Amino acid sequence: ELARDVLRVIGAGAVSGGMVVAPNLAQVIDYFNPKGVAERRRIWRAIKYLEEKNSIVIEQDGTRDVARLTDGGRIVLDEQAIADLQITRPWRWDRRWRLVMFDIPKVHARTGARDALRYKLRDLGFIQYQKSVFIFPFECQNEILAVAEMYGVRECIRYIVAEEISD
């Protein structure tokens, strides 16, 4: 869990002069405000763990060590963002249904995307209406497009807003 938080801090970067730059390791550690040597050691272990897993690289930038995300680290962050995704439910329903339909060809490069998308839709609270049609009562287009983009199937998704569905 700490490693995930450290990865998020490194991914967010540090703001310097209006630009986002890679944070140095002292900034990463200070962000967590360690209360002692043991906490500092835990943070360092998390940083070293991320480096061993090739999620970050530590480079020398002048006199300081700087942490940068690798492509693998970006993928881990994106997957975590999708896993943490939730749809906000308004206080009052607008009496419209949202249908998400998809047709992902079997020859698609990411054949597991179909099952992953189906699983994520159920996780978000969608009800399966048919094999590749899911229904939900609240606005969720941005979230669905983000999930589809992550799985690389954006062109295979249809989002429909309906006021009435028979039966």
Side-chain angles (χ1 to χ4, degrees), residues 1-16 18-34 39 42-59 65-91 94 97-105 108-128 132-161:
E1 194 172 309
L2 179 61
R4 183 180 61 211
D5 293 341
V6 168
L7 190 62
R8 285 181 182 159
V9 168
I10 293 170
V15 178
S16 173
M19 291 177 46
V20 176
V21 295
N24 65 41
L25 293 181
Q27 289 172 322
V28 172
I29 292 170
D30 288 343
Y31 175 82
F32 292 98
N33 195 18
E39 282 189 40
R42 268 187 62 224
I43 297 167
W44 270 110
R45 276 196 307 261
I47 291 169
K48 289 299 180 186
Y49 171 80
L50 290 170
E51 187 179 29
E52 289 171 7
K53 293 292 184 185
N54 296 322
S55 294
I56 63 170
V57 291
I58 299 174
E59 302 170 340
D65 290 332
V66 175
R68 297 191 199 289
L69 277 182
T70 62
D71 289 339
R74 282 190 212 295
I75 290 170
V76 169
L77 272 180
D78 289 344
E79 288 172 350
Q80 191 60 48
I82 294 298
D84 294 342
L85 184 69
Q86 295 293 321
I87 297 173
T88 57
R89 296 171 183 239
W91 185 70
D94 64 359
W97 293 99
R98 278 64 179 188
L99 279 82
V100 175
M101 301 180 351
F102 56 92
D103 186 18
I104 302 171
H108 198 276
R110 297 186 66 169
T111 54
R114 183 184 309 107
D115 292 331
L117 179 63
R118 206 176 274 134
Y119 174 80
K120 186 58 187 175
L121 289 172
R122 283 190 197 110
D123 182 51
L124 288 171
F126 280 76
I127 302 299
Q128 191 168 5
S132 60
V133 179
F134 286 78
I135 190 167
F136 194 71
F138 304 114
E139 179 59 42
C140 56
Q141 185 172 15
N142 294 336
E143 291 86 351
I144 296 305
L145 294 180
V147 170
E149 200 69 40
M150 172 63 189
Y151 293 133
V153 293
R154 169 69 181 91
E155 69 281 354
C156 304
I157 302 284
R158 298 295 173 260
Y159 182 84
I160 300 168
V161 179

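What you see is a predicted model; the values in this text were computed from it and never measured.
Between the side chain of K120 and the main chain of I82, a donor-acceptor pair closer than 3.5 Å is present. A donor-acceptor pair under 3.5 Å links the side-chain atoms of E139 to the main chain of Q141, judged by distance alone. Side-chain atoms of R154 do not come within 3.5 Å of backbone N or O of A148 as any donor-acceptor pair. Using a distance-only test at 3.5 Å, with no hydrogens or angles considered, no donor-acceptor pair links the side chain of Y49 to the main chain of W44. Under the 3.5 Å distance criterion, the side-chain polar atoms of R98 are left unmatched by any main-chain donor or acceptor of V161. Using a distance-only test at 3.5 Å, with no hydrogens or angles considered, a donor-acceptor pair links the side chain of T70 to the main chain of S55.
When all heavy atoms of C140 and I87 are compared, the pair lying nearest together is CB-CD1, 3.5 Å. Between A113 and V153, the shortest heavy-atom contact is CB-CG1, 3.7 Å.
No side-chain heavy atom of V100 sits less than 4.5 Å from a side-chain heavy atom of I135. Between M101 and I160, some side-chain heavy-atom pair lies under the 4.5 Å cut-off. Taking 4.5 Å as the limit, some side-chain heavy atom of L77 sits within range of a side-chain heavy atom of R8. A 4.5 Å side-chain heavy-atom check between D103 and C156 finds every atom pair outside the cut-off. Contact annotation: the side chain of R158 never approaches that of F102 to less than 4.5 Å [non-hydrogen atoms, C-beta and beyond]. No side-chain heavy atom of V66 sits less than 4.5 Å from a side-chain heavy atom of I58.
Summarising the geometry, atom CD belonging to E1 is positioned 5.0 Å from atom CZ belonging to R4; distances are rounded to the nearest 0.5 Å. In this structure, CD in E149 is found 13.0 Å from CD1 in I144, a value given to the nearest 0.5 Å. The distance from atom CD1 of I47 to atom CG of L7, rounded to the nearest 0.5 Å, is 11.0 Å. Note that the CE atom of M150 and the CG atom of L117 stand 12.5 Å from one another [nearest 0.5 Å].
Checked for salt-bridge contact, D123 and R118 miss the test: no charged N lies under 4.0 Å from a carboxylate O. Salt-bridge check for E39 with R42: failed, with every basic side-chain N at 4.0 Å or more from each acidic carboxylate O.
Below 30°, between 30° and 60°, or above 60°: for F134 and F126 the angle between ring planes is above 60°, a perpendicular geometry.
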Begin from the C-alpha positions of E143 and F136 and carry the test side chain to side chain contact (heavy atoms under 4.5 Å, CB included) through to its verdict.
CA-CA 12 Å; E143 291 86 351; F136 194 71; over 6 Å; no
Would you please test D71 and N54 for side chain to side chain contact (heavy atoms under 4.5 Å, CB included) and show each step?
CA-CA 9 Å; D71 289 339; N54 296 322; over 6 Å; no
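Using a 3.5 Å distance cut-off with no hydrogens or angles, the side chains of R122 and Q128 do pair a donor with an acceptor.
Counted within 6.0 Å of CG on L145, heavy atoms from surrounding residues, nucleotides or ligands total more than 12; the atom is thus considered enclosed.
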